[in-house]
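See structure below.
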Amino acid sequence: FYIAHDSEIDPKGMVDLAHAQRKSVYLPALASDGSQHLVMVRYQPGDVLPKNRYGIPEPVQDKGQIIAPSQLDLVVTPLVAFDITGTRLGMGMGYYDRTFAFLAPLQRPTQPLLVGLAYGFQQQVMLHRENWDVGLDFIVTEQEVVDTTKHPL
């Protein structure tokens with residue numbers, strides 16, 4: 001999951017439900033090695049979430065609580081805009097694309113499932129997808145669930 005920032009949809013209810021079902025919940029944090037990747041850090045209710053250099057709350061990186069992105073089952077991402085092919089426009093820094101680049105050559109959907117959380121008004125007719133962009137498998141809005149696998153590029 002992620003911690004909502006600015007006008008992003010807040011997935012807190014989903015996080016609470018996952019914890020209630022005794023699921024492991026991970027939040028992204030900027031990699032401390034300067035690689036411009038995200039690391040996924042286990043999150044428990046009440047954990048301190050200091051703000052990163054972009055002002056976004058993120059968990060403290062404890063090596064014992066970090067999981068490889070390829071080991072996740074599901075990734076819920078924020079976005080600025082999307083289209084039905086699963087092209088995601090984020091904040092323009094490319095962190096999610098770099099972190100999940102290993103999925104690009106794979107037949108999708110696969111593990112982890114990439115799910116964008118958005119408002120319906122964020123849907124665009126068509127977004128340009130760069131060769132480094134990693135598409136989403138599904139987009140969940142307040143109106144529908146978009147299965148992007150039914151709308152390949």
Side-chain angles (χ1 to χ4, degrees), residues 1-31 36-47 49 52 54-59 65-153:
F1 292 101
Y2 62 92
I3 297 296
H5 181 68
D6 287 337
S7 59
E8 295 170 342
I9 292 181
D10 192 346
K12 183 181 181 323
M14 297 168 75
V15 171
D16 292 344
L17 180 61
H19 276 129
Q21 294 177 353
R22 298 181 183 245
K23 306 282 185 192
S24 295
V25 172
Y26 292 83
L27 296 176
L30 301 177
Q36 295 190 322
H37 283 75
L38 298 171
V39 293
M40 303 302 160
V41 184
R42 187 155 188 196
Y43 169 71
Q44 297 290 334
D47 283 356
L49 299 171
N52 65 24
Y54 301 110
I56 302 169
E58 65 179 32
Q65 299 298 314
I66 295 175
I67 189 171
S70 60
Q71 294 180 295
L72 296 167
D73 295 317
L74 171 71
V75 177
V76 177
T77 71
L79 51 88
V80 172
F82 70 93
D83 68 24
I84 63 170
T85 69
T87 301
R88 171 190 176 272
L89 178 62
M91 297 299 251
M93 300 302 292
Y95 284 94
Y96 278 95
D97 293 314
R98 281 188 292 278
T99 302
F100 294 100
F102 68 92
L103 292 174
L106 301 178
Q107 178 68 32
R108 307 281 295 283
T110 188
Q111 186 177 330
L113 274 179
L114 298 183
V115 178
L117 196 56
Y119 295 105
F121 69 81
Q122 293 173 284
Q123 184 171 351
Q124 303 296 306
V125 174
M126 182 63 103
L127 293 172
H128 176 72
R129 187 181 294 194
E130 298 289 350
N131 61 357
W132 59 80
D133 288 335
V134 178
L136 299 170
D137 300 305
F138 296 90
I139 297 106
V140 177
T141 75
E142 75 282 10
Q143 301 163 340
E144 65 181 328
V145 175
V146 178
D147 181 349
T148 66
T149 64
K150 294 182 179 179
H151 306 277
L153 282 176

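As the structure is a computational prediction, the values presented were derived from the model and not from experiment.
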note = From the list T148, L136, D133, side-chain contact (heavy atoms from CB on, under 4.5 Å) partner of R88 resolves to L136
task = Mind listing the closest non-hydrogen atom pair of Q124 and A81 along with its distance?
result = CG-CB, 3.9 Å
key: Check: G94 main-chain N/O paired with Q36 side-chain donor or acceptor under 3.5 Å   = no
query = Is any side-chain heavy atom of I9 less than 4.5 Å from a side-chain heavy atom of Y119?
reply = yes
query = More than 12 foreign heavy atoms under 6.0 Å from CD of Q107: is that the case here?
reply = no
message = Quick check for you: to the nearest 0.5 Å, what is the distance between L89 atom CG and H128 atom NE2?
response = 11.5 Å
ask   = Which atom names give the shortest non-hydrogen contact between Y54 and H5, and what distance separates them?
value = O-NE2, 3.8 Å
task = I would like to know whether R129 and T85 meet side chain to side chain contact (heavy atoms under 4.5 Å, CB included); could you show each step before the answer?
result = CA-CA 10 Å; R129 187 181 294 194; T85 69; 3.7 Å; yes
inquiry  = Taking the side chain as everything from C-beta on, heavy atoms only, tell me whether P59 gets closer than 4.5 Å to L49.
reply    = yes
request  = Supply the atom-to-atom distance K23 NZ to L74 CG, rounded to the nearest 0.5 angstrom.
outcome  = 10.0 Å
message = To check you understand the geometry: which heavy-atom pair defines the closest contact between E58 and N52, and what is its length?
response = OE1-ND2, 3.0 Å
task = Please assess L30 against L38 for the test side chain to side chain contact (heavy atoms under 4.5 Å, CB included), listing each intermediate value before the final yes or no.
result = CA-CA 5 Å; L30 301 177; L38 298 171; 4.0 Å; yes
task = Indicate yes or no for a side-chain donor-acceptor contact from Q122 to the backbone of F82 under 3.5 Å, with no hydrogens or angles considered.
result = no
ask   = What are the two closest non-hydrogen atoms of D137 and P112, and how far apart are they?
value = OD2-O, 4.0 Å
message = Keeping D83 on the side-chain end and L127 on the backbone end, is there a donor-acceptor pair under 3.5 Å?
response = yes
message = Here's one to test your reading of the geometry: is the NZ or CZ of R98 within 45 degrees of the ring axis of Y96 and under 6.0 Å from its centre?
response = no
inquiry  = As an exercise, state the distance from CE of M40 to CZ of F1, rounded to the nearest 0.5 Å.
reply    = 12.5 Å
key: Heavy-atom pair with the smallest gap, counting every atom of L79 and A118   = CD1-CB, 3.4 Å
ask   = Could you go step by step and tell me if Q123 and E144 meet the side chain to side chain contact (heavy atoms under 4.5 Å, CB included) rule?
value = CA-CA 11 Å; Q123 184 171 351; E144 65 181 328; 3.8 Å; yes
task = Taking the side chain as every heavy atom from C-beta outward, state whether F102 and P69 have any pair of such atoms under 4.5 Å apart.
result = yes
ask   = Under 4.5 Å between any side-chain heavy atoms of R108 and L114, yes or no?
value = yes
query = Should the ring pair Y43 and H19 be called parallel, tilted or perpendicular, given that the plane angle runs from 0 to 90° and is split at 30 and 60?
reply = tilted
ask   = What distance do Y26 atom OH and I66 atom CD1 have between them, rounded to the nearest 0.5 Å?
value = 10.5 Å
key: Approximate separation, where rounding is to 0.5 Å, of Q143 CD and F121 CZ   = 10.0 Å
request  = Can you see which heavy atom on L117 is nearest to which on P11, and at what distance?
outcome  = CD2-CB, 3.8 Å
remark   = dist D147:CG -> I84:CD1 (nearest 0.5 Å) comes out at 10.5 Å
